[in-house]
Engineer: 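Here it is, the structure in full.
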Amino acid sequence: MSAASDEMATRIRAILGARPDVVEKKMFGGVGFMLNGNMLAGSTAKGALMVRVSPEGLDAAVARPGASVMHMGDKPMKGFISVTDEGIETDEALADWLAFSEDYVRTLPAK
């Protein structure tokens with residue numbers, strides 16, 4: 001993990017707080033935050049935010065500042081968005097992304 005990844009994970013952790021329904025896992029060179037066993041958000045190796053979004057919310061998500069479809073190599077990751085600093089400069093903006101993702105992830109069956 002990089003310092004940038006650690007910094008983003010710290011910001012996510014501070015917003016989510018200590019919750020029994022959220023578990024952290026190291027993944028993708030960063031830290032993933034799982035909500036009831038489903039990926040909610042995470043930090044990438046380069047320090048970007050990764051969030052899970054609904055298929056219906058994808059277009060709205062990528063229209064937001066700093067957002068793009070997440071890629072693993074050349075392959076797009078269906079249902080995941082990467083958000084650069086431009087879209088998460090403030091804690092309020094980061095909290096908004098986490099809430100956007102949580103609204104969808106809560107609809108998924110627990111794993």
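All heavy atoms count here, side chains included; hydrogens, waters and symmetry mates do not.
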Engineer: Within a strict 4.5 Å, meaning less than it, do heavy atoms of the Thr84 and Leu49 side chains meet?
Structural biologist: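 Thr84 vs Leu49: side chains apart.
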
Engineer: Which residue is it: Asp91, Asp6, Asp85? I am looking for the one with a salt bridge (charged side-chain N to carboxylate O under 4.0 Å, His left out) to Arg11.
Structural biologist: Asp91

Engineer: Quick one: do Ile12 and Val23 end up in the same hydrophobic cluster if we chain Ile, Leu, Val, Met, Phe, Trp and Tyr together by side-chain heavy atoms under 4.5 Å apart?
Structural biologist: no

Engineer: Contact between Phe100 and Val53 at the side-chain level, heavy atoms closer than 4.5 Å - yes or no?
Structural biologist: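 Counting from C-beta outward, Phe100 and Val53 do come under 4.5 Å.
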
Engineer: Is it true that a side-chain atom of Thr44 and a backbone atom of Ala48 form a donor plus acceptor pair closer than 3.5 Å?
Structural biologist: yes

Engineer: Counting C-beta onward and ignoring hydrogens, is there a side-chain heavy-atom pair between Val51 and Met70 closer than 4.5 Å?
Structural biologist: no

Engineer: Less than 4.5 Å apart, side chain to side chain, heavy atoms only: is that true for Met34 and Met27?
Structural biologist: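 Yes; the side chains approach each other to less than 4.5 Å.
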
Engineer: For Val22 and Asn36, what are the C-alpha separation, side-chain angles and deciding distance, and is it a side chain to side chain contact (heavy atoms under 4.5 Å, CB included)?
Structural biologist: CA-CA 6 Å; Val22 175; Asn36 296 321; over 6 Å; no

Engineer: Measuring only between side-chain heavy atoms, which start at C-beta, is Arg64 closer than 4.5 Å to Trp97?
Structural biologist: yes

Engineer: Just wondering, do Lys25 and Phe33 contact through their side chains at under 4.5 Å, heavy atoms?
Structural biologist: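 Phe33 does not reach Lys25 side chain to side chain.
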
Engineer: Any luck finding a side-chain donor-acceptor pair between Ser82 and Ser68 under 3.5 Å?
Structural biologist: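 No.
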
Engineer: Just verifying a value: how many Å separate Asn38 CG and Ser101 OG, rounded to the nearest 0.5 Å?
Structural biologist: 10.0 Å

Engineer: Quick check: closest heavy atoms across Ile15 and Ala95, and the distance to 0.1 Å?
Structural biologist: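 Looking at all heavy atoms of both residues, the shortest contact is CD1-N, 3.7 Å.
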
Engineer: Could you pull out the closest heavy-atom pair between Leu108 and Tyr104, with the gap in Å?
Structural biologist: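 Leu108 and Tyr104 have their closest heavy atoms at CD2-OH, 3.5 Å.
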
Engineer: For Gly29 and Ser5, which heavy atoms make the closest approach, and how far apart are they?
Structural biologist: O-OG, 3.7 Å

Engineer: Nearest 0.5 Å, what's the OG1-CG distance between Thr90 and Asp96?
Structural biologist: 9.0 Å

Engineer: Could you go step by step and tell me if Arg19 and Leu35 meet the side chain to side chain contact (heavy atoms under 4.5 Å, CB included) rule?
Structural biologist: CA-CA 9 Å; Arg19 296 170 44 176; Leu35 175 65; 3.6 Å; yes

Engineer: Atom CG in Leu40, atom CD in Glu24: separation rounded to 0.5 Å?
Structural biologist: 11.5 Å

Engineer: If we only count heavy atoms from C-beta on, is the Met39 to Met50 side-chain gap below 4.5 Å?
Structural biologist: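 Yes, side chains in contact.
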
Engineer: Indicate yes or no: at least one non-hydrogen side-chain atom of Leu94 is less than 4.5 angstrom from one of Met8.
Structural biologist: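 Sidechains of Met8 and Leu94: in contact.
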
